Amino acid sequence: MESSREVIISGLTKNFGDIIAVNEMSLDVPEGSIFGLLGPNGAGKSTTIRLLCTLLKPVRGTATVAGFDIIESPVKVREVTGVLPEEGNHTLYPTMSAYENLEYFARLYDVPLEEIPGRIEELLSFMDLWERKDDKAGELSTGNRQRLALCRAILHEPSVLLLDEPTAALDPIAAKRVRELILSLSEKYNQTFFINSHNLAEVQRICDAIAIIDNGKIILHGKTNELREKLQAKEQYRLRIASNLGDAEQILRSAEFVEEVTVEADTLLATIRDPYDNNPTLLSQLLDAGVRVVEFAEEEMSLEDLYLEVILGGDR
Ligand SMILES: Nc1ncnc2c1ncn2[C@@H]1O[C@H](COP(=O)(O)OP(=O)(O)O)[C@@H](O)[C@H]1O
Ligand SMILES: [Mg+2]
């Protein structure tokens with residue numbers, strides 16, 4: 001059977017006693033796209049991935065992964081998926097080297113023996129880990145270990161990748177590197193990515209489409225570019241001031257296009273209407289008054305802000 005690489009979820013439901021972890025979830029993730037499932041702790045993200053990789057069985061509903069039904073063909077589903085579980089690190093053997101880990105898993109996944117060395121070298125080089133190939137997995141930095149776990153997940157050339165919070169344990173630089181790798185992997189191998197995250201900014205940067213879940217239910221779903229307005233509804237800016245903070249505050253408060261000024265330590269937070277026109281004006285007023293502006297940045301919307309926006313319909 002010629003399988004596509006999409007993920008189709010229909011009415012997927014899973015409870016643990018009274019807790020409905022995943023509640024009537026339906027979603028289509030097109031082949032070759034990067035999808036982000038976003039939600040706070042306990043929303044049901046990991047349970048969704050565990051259902052999709054057949055570690056758990058749904059009580060109702062089903063899903064197909066790259067053409068295979070998770071209930072009827074779990075073995076096939078496992079063959080065509082690569083999984084980075086929540087604690088991805090723990091899928092590696094700490095006392096084996098990076099290379100040995102991948103070799104072991106390649107055999108486990110029945111990668112043809114003669115292809116194993118080439119594929120490991122390609123992957124380790126691609127992830128900038130080739131120089132670390134003889135280091136024990138347990139002695140790698142968290143970022144390197146996460147990248148090795150990612151190598152492990154894609155080693156058998158799966159059609160669909162299920163990544164559970166791939167950057168959660170990483171510092172910002174390592175997280176950025178992993179995001180770049182996901183983007184270049186998606187470009188190079190055209191796999192479908194299903195990524196769990198609780199970081200809105202991250203998901204916005206790399207995902208083609210996003211769904212937000214809360215208590216197991218999808219509360220918002222759409223293409224990232226179509227949700228843009230909802231995702232950036234704030235027009236709030238953060239100005240960090242090194243001197244004359246009082247003058248700066250005065251200027252902001254008296255500008256007719258500035259609303260809701262608040263002060264936090266050396267930082268002013270302000271909502272600025274028509275920022276494209278007004279920000280340059282404001283900045284030159286501040287500089288003319290001798291205010292030293294260290295930073296003038298758009299305030300990123302947090303997941304919490306977005307929930308309020310979605311749940312209250314943006315009528316705050
Ligand atoms: N094995 C389990 N046994 C009992 N409850 C569970 C189990 N796994 C998850 N849950 C519960 O299901 C809900 C969803 O959890 P989870 O899918 O891990 O959320 P997330 O990954 O979004 O943080 C939570 O209330 C969690 O406590
Ligand atoms: Mg989780």
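As the structure lists them, so they are numbered: ligands from 1, and atoms in each ligand from 1. Everything numeric in this text was worked out from a predicted model, so none of it was measured.
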**Q** Under 4.0 Å between a side-chain nitrogen and a carboxylate oxygen: does that hold for Arg60 and Glu24?
**A** yes
**Q** I need the atoms of ligand 1 closer than 4.0 Å to a non-hydrogen atom of Ser46, numbered in the order shown.
**A** 17 (O), 18 (O), 20 (P), 21 (O)
**Q** Considering the heavy atoms of Pro40, write down every atom of ligand 1 situated less than 4.0 Å from one of them.
**A** 22 (O)
**Q** Grab the two heavy atoms, one from Lys188 and one from Glu122, that are nearest each other, plus how far apart they are.
**A** NZ-OE2, 3.1 Å
**Q** Among protein heavy atoms, which lies nearest atom 11 (C) of ligand 1, and at what distance?
**A** Phe16 CD1, 3.9 Å
**Q** Quick one: do Arg205 and Glu202 satisfy salt bridge (charged side-chain N to carboxylate O under 4.0 Å, His left out)? Show the steps, please.
**A** CA-CA 5 Å; Arg205 282 191 200 113; Glu202 161 165 303; over 6 Å; no
**Q** For Val22 and Leu12, work out which heavy atoms get closest and say how close.
**A** CG1-O, 3.4 Å
**Q** Looking at Glu72, I want to see if its CD is surrounded by more than 12 non-hydrogen atoms of other residues, nucleotides or ligands under 6.0 Å.
**A** no
**Q** Among all protein heavy atoms, pick out the one at the shortest distance from atom 19 (O) of ligand 1; state its residue, atom name and that distance to 0.1 Å.
**A** Gly44 N, 3.1 Å
**Q** Minimum heavy-atom separation for Ile70 and Val77, please, with both atom names.
**A** CA-CG2, 3.9 Å
**Q** Looking at atom 25 (O) of ligand 1, what's its closest protein heavy atom, distance included?
**A** Ile19 CG2, 3.7 Å
**Q** Could you tell me, atom by atom, which parts of ligand 1 come under 4.0 Å of a heavy atom of Ala43?
**A** 19 (O), 20 (P), 22 (O)
**Q** Nearest heavy-atom pair of Ala153 and Leu161: which atoms, and what distance?
**A** O-CD2, 3.8 Å
**Q** Return the residue, atom name and 0.1 Å-rounded distance of the protein heavy atom closest to atom 14 (C) of ligand 1.
**A** Gly42 O, 3.4 Å
**Q** Give the residue and atom name of whichever protein heavy atom lies nearest to atom 12 (O) of ligand 1, and the separation in Å to one decimal.
**A** Ala21 CB, 3.4 Å
**Q** What verdict does the salt bridge (charged side-chain N to carboxylate O under 4.0 Å, His left out) test give for Glu86 and Lys45, after you've listed the backbone C-alpha separation in whole Å, the side-chain angles of each residue and the deciding distance to 0.1 Å?
**A** CA-CA 10 Å; Glu86 205 158 22; Lys45 304 181 296 296; over 6 Å; no
**Q** What's the shortest distance from atom 16 (P) of ligand 1 to any protein heavy atom, and which residue and atom give it?
**A** Thr47 OG1, 3.6 Å
**Q** Taking atom types as modelled, find out whether Thr54 and Arg78 have a side-chain donor-acceptor pair closer than 3.5 angstrom.
**A** yes
**Q** Could you check whether any heavy atom of Gly39 sits closer than 4.0 Å to an atom of ligand 1, since that is the contact criterion I want to use?
**A** no
**Q** Under a 4.0 angstrom heavy-atom cut-off, which atoms of ligand 1 come close to Asn41?
**A** 23 (O)
**Q** List the steps and the verdict of salt bridge (charged side-chain N to carboxylate O under 4.0 Å, His left out) for Glu121 and Lys133.
**A** CA-CA 9 Å; Glu121 182 169 355; Lys133 69 177 167 24; over 6 Å; no
**Q** Touching ligand 1 at all, Gly17? Heavy atoms, strictly under 4.0 Å?
**A** no
**Q** Could you tell me whether atom 27 (O) of ligand 1 has at least one protein heavy atom nearer than 4.0 Å?
**A** no
**Q** Of all N, O or S atoms in Glu86, which has the smallest distance to the Mg ion (ligand 2)?
**A** OE2
**Q** If I take every N, O or S atom of Ser46, is at least one of them less than 2.8 Å from the Mg ion (ligand 2)?
**A** yes
